[in-house]
Amino acid sequence: MSFSRNFITLIKNRNNDIFEINNQNGLIISRYGNKNKLIYSKKIFDGHFTFIDYWFEIDNNDNIYGIVNDKKGSLIYILIKDRIIVKKRLLNFNTIQISIKYVSIKIINNSINIFYYCSEKSSPHKCNLIHYHKNTNGWRKNIIDLVSYNTLTNYVTLYNSSKNMSILYYKLCNNHEELFLSLFNKESLRWEKPIQLTNSRHDKIYLSALIDKKNNYHILFSEKDLYKYQCSYIQGYIDNNHFTILHYNTLGDATACSFPTILEQNSRISAQWSEYNNLYFCISDDSGDTWGPVLINPKIYISTFTCCNYKTNPNRDNEINSYSVFVDLDTFKILGT
C-alpha cells in the first residue's frame, strides 16, 4: 500500500478505547471501542488545520485536553470529558503581525505548560521558542531561545522520572541546523542556557526523542550527508547542565529519511523512518549501545500507514515510551512493536 501524510493523534484510555483526532474536515474526535467499533464522532473545531496547529494529551482520569491555534488570533484550551467539549481562550495574538506554529501543552504536577514558536511576519526565518507556565502564582512567560532556521521543524519536550522538563530543538549555526537542549529550572522557573549538542555542519530536519528509565536521552533525526538524508541517532545523558554524548551513529544507509521516530517498550528500543512508501526499522536490545540490521516492515505491503502523535493514560503499565509512532490506518496497530 502506501504512506499517508494524513497525520493524526491517537489517544488510548484505561479501558483500551482509542480516540482518533484528525484534521480532514475541521478537527474531529472519534472514539473506538472493542474491535475498533466506532462509538461516536464529534467535531471539535471548524476550519482548516494542520498538525502544527494543535496538540492533545490525556490525564490520569481519562480526560483529554489540548490546545488549538484557531487561526483567528487565539490559542484555545480544550477539555473533553466523555462527549462534552469545553473551550477556553488562553491567549490572543495579532494574526497580521504574528505567526504561531507547533503549539503543544502538558499538565505536570497541576501546572500547565504551553509551548510554541512565535515569529513576526516581517522577520522570516527567525522565531522565539516560547514557554507559558501556569501554577498557583499565575501565568509566567519564558523565551527559551531565539531560533533562526532554514526550515522550521518540530521541537520535542521531554519529562524525566522526576518530572523535570527539557526541550530539544534546532537552531542555525554557520547556516546549518544544529541540535540544542535546554533544561527548566523549577526553582527559578526559568530555562537554563541552551546546550549545543551537535556541530556537524550538516542540515537536519525532523526530530524524535525519549528519556528512558535511567534518564538517558535517545534522539533520532534526519541529517543530510552530501545528497542523502540519513537517519542519525544520539544517546547521552545530562549531568550538572552538561550533556555527555555516548553514541552518535548513522543507522543504515537511508537516502531520504523522513519522519524518524524512536520508541521504547519493555527495554527494547526501536528506530523507524519512512522513505517514500517504505517503512524501515532497526532494533536495539541494549539501550542503544548496538543496533540490529535495518529492515523493511512487511506489514506496509497490505495496509496504509502514517505517522502520528500517540498518547496513553499515564497510569497504564508497560505502555510505549515515544514521541510519535507509525500506525496501520486500518487497525490503529502500532508498527514496529
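Side-chain N/O atoms of Asn69 and Tyr116 include no donor and acceptor closer than 3.5 Å. Side chains of Asn313 and Asn13: no donor on one and acceptor on the other come within 3.5 Å. Side-chain contact of Tyr233 with Glu223: a donor-acceptor pair under 3.5 Å is absent, judged by distance alone. Between the side chains of Thr306 and Ser4, not a single donor N or O lies within less than 3.5 Å of an accepting N or O. A side-chain donor from one of Tyr323 and Asn154 sits under 3.5 Å from a side-chain acceptor of the other. A donor and an acceptor atom, one from each side chain of Tyr217 and Ser166, are located under 3.5 Å apart.
Every residue meeting the side-chain contact (heavy atoms from CB on, under 4.5 Å) condition with Asp46, not counting sequence neighbours, appears here in chain and number order: Lys43. With sequence neighbours excluded, the residues satisfying side-chain hydrogen bond (donor to acceptor under 3.5 Å, both in side chains) with Tyr169 are Asp145. For Gln24, the side-chain contact (heavy atoms from CB on, under 4.5 Å) partners two or more places apart in sequence, or in a different chain, are Asn6, Asn22.
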With a cut-off of 3.5 Å and sequence neighbours excluded, list every side-chain donor-acceptor pair involving residues 99-112.
| unit_1 | atom_1 | unit_2 | atom_2 | d |
| --- | --- | --- | --- | --- |
| Ser104 | OG | Tyr155 | OH | 2.9 |
| Lys106 | NZ | Glu57 | OE1 | 3.3 |

Donor-acceptor pairs are to be reported for all side-chain atoms of residues 73-86 against protein atoms at under 3.5 Å, with residues two or more places apart or in another chain.
| unit_1 | atom_1 | unit_2 | atom_2 | d |
| --- | --- | --- | --- | --- |
| Ser74 | OG | Arg89 | NE | 3.0 |
| Ser74 | OG | Asn92 | OD1 | 2.8 |

Contacts table for residues 285-295: side-chain donor-acceptor under 3.5 angstrom, sequence neighbours left out:
| unit_1 | atom_1 | unit_2 | atom_2 | d |
| --- | --- | --- | --- | --- |
| Asp285 | OD1 | Arg268 | NE | 2.8 |
| Asp285 | OD1 | Arg268 | NH2 | 3.3 |
| Asp285 | OD2 | Arg268 | NH2 | 3.3 |
| Asp286 | OD1 | Ser284 | OG | 2.9 |
| Asp286 | OD1 | Asp289 | N | 3.2 |
| Asp286 | OD1 | Thr290 | N | 2.9 |
| Asp286 | OD1 | Thr290 | OG1 | 3.3 |
| Asp286 | OD2 | Thr290 | N | 3.4 |
| Asp286 | OD2 | Thr290 | OG1 | 2.5 |
| Asp289 | OD1 | His247 | NE2 | 3.0 |
| Trp291 | NE1 | Gly288 | O | 3.4 |

Could you pull out every donor-acceptor pair under 3.5 Å between side chains of residues 133-142 and any protein atom, sequence neighbours left out?
| unit_1 | atom_1 | unit_2 | atom_2 | d |
| --- | --- | --- | --- | --- |
| Asn135 | OD1 | Asn137 | N | 2.9 |
| Arg140 | NE | Leu189 | O | 3.3 |
| Asn142 | ND2 | Leu189 | O | 2.9 |

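Contact annotation: the side chain of Phe305 never approaches that of Asp328 to less than 4.5 Å [non-hydrogen atoms, C-beta and beyond]. With a 4.5 Å cut-off on side-chain heavy atoms, Ile21 and Ile11 count as touching. Between Leu220 and Cys231 the shortest side-chain heavy-atom distance falls below 4.5 Å. Annotation: side chain of Ile8 is in contact with side chain of Leu329 (closest heavy-atom distance under 4.5 Å).
Applying the salt bridge (Lys or Arg N to Asp or Glu O under 4.0 Å) test to pairs two or more places apart or on separate chains, those with a residue in residues 238-266 are Lys228-Asp253. Listed by first and then second residue, the side-chain hydrogen bond (donor to acceptor under 3.5 Å, both in side chains) pairs involving residues 184-198 are His131-Trp191, Asn164-Lys186, Glu178-Thr198, Asn185-Glu192 (not counting sequence neighbours). The ring-ring contact (aromatic ring centres under 6.0 Å, His included) analysis of residues 13-35, with sequence neighbours excluded, yields the pairs Tyr32-Phe332.
Hydrophobic cluster membership of Leu246, counting Ile, Leu, Val, Met, Phe, Trp and Tyr whose side-chain heavy atoms lie under 4.5 Å apart directly or via other members: Tyr237. Hydrophobic cluster membership of Leu226, counting Ile, Leu, Val, Met, Phe, Trp and Tyr whose side-chain heavy atoms lie under 4.5 Å apart directly or via other members: Tyr227.
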Determine, stepwise, if the pair Lys12 / Asp17 fulfils salt bridge (charged side-chain N to carboxylate O under 4.0 Å, His left out). CA-CA 6 Å; Lys12 183 185 287 188; Asp17 287 352; over 6 Å; no
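Going from atom OG of Ser270 over to atom CD of Gln272 covers 4.0 Å, rounded to the nearest 0.5 Å.
Although no hydrogens or angles enter the test, the distance criterion places a donor-acceptor pair under 3.5 Å between the side chain of Tyr117 and the main chain of Thr153.
Checking Tyr280, Phe259, Trp273 one by one against Phe3, the ring-ring contact (aromatic ring centres under 6.0 Å, His included) holds for a single residue, Phe259.
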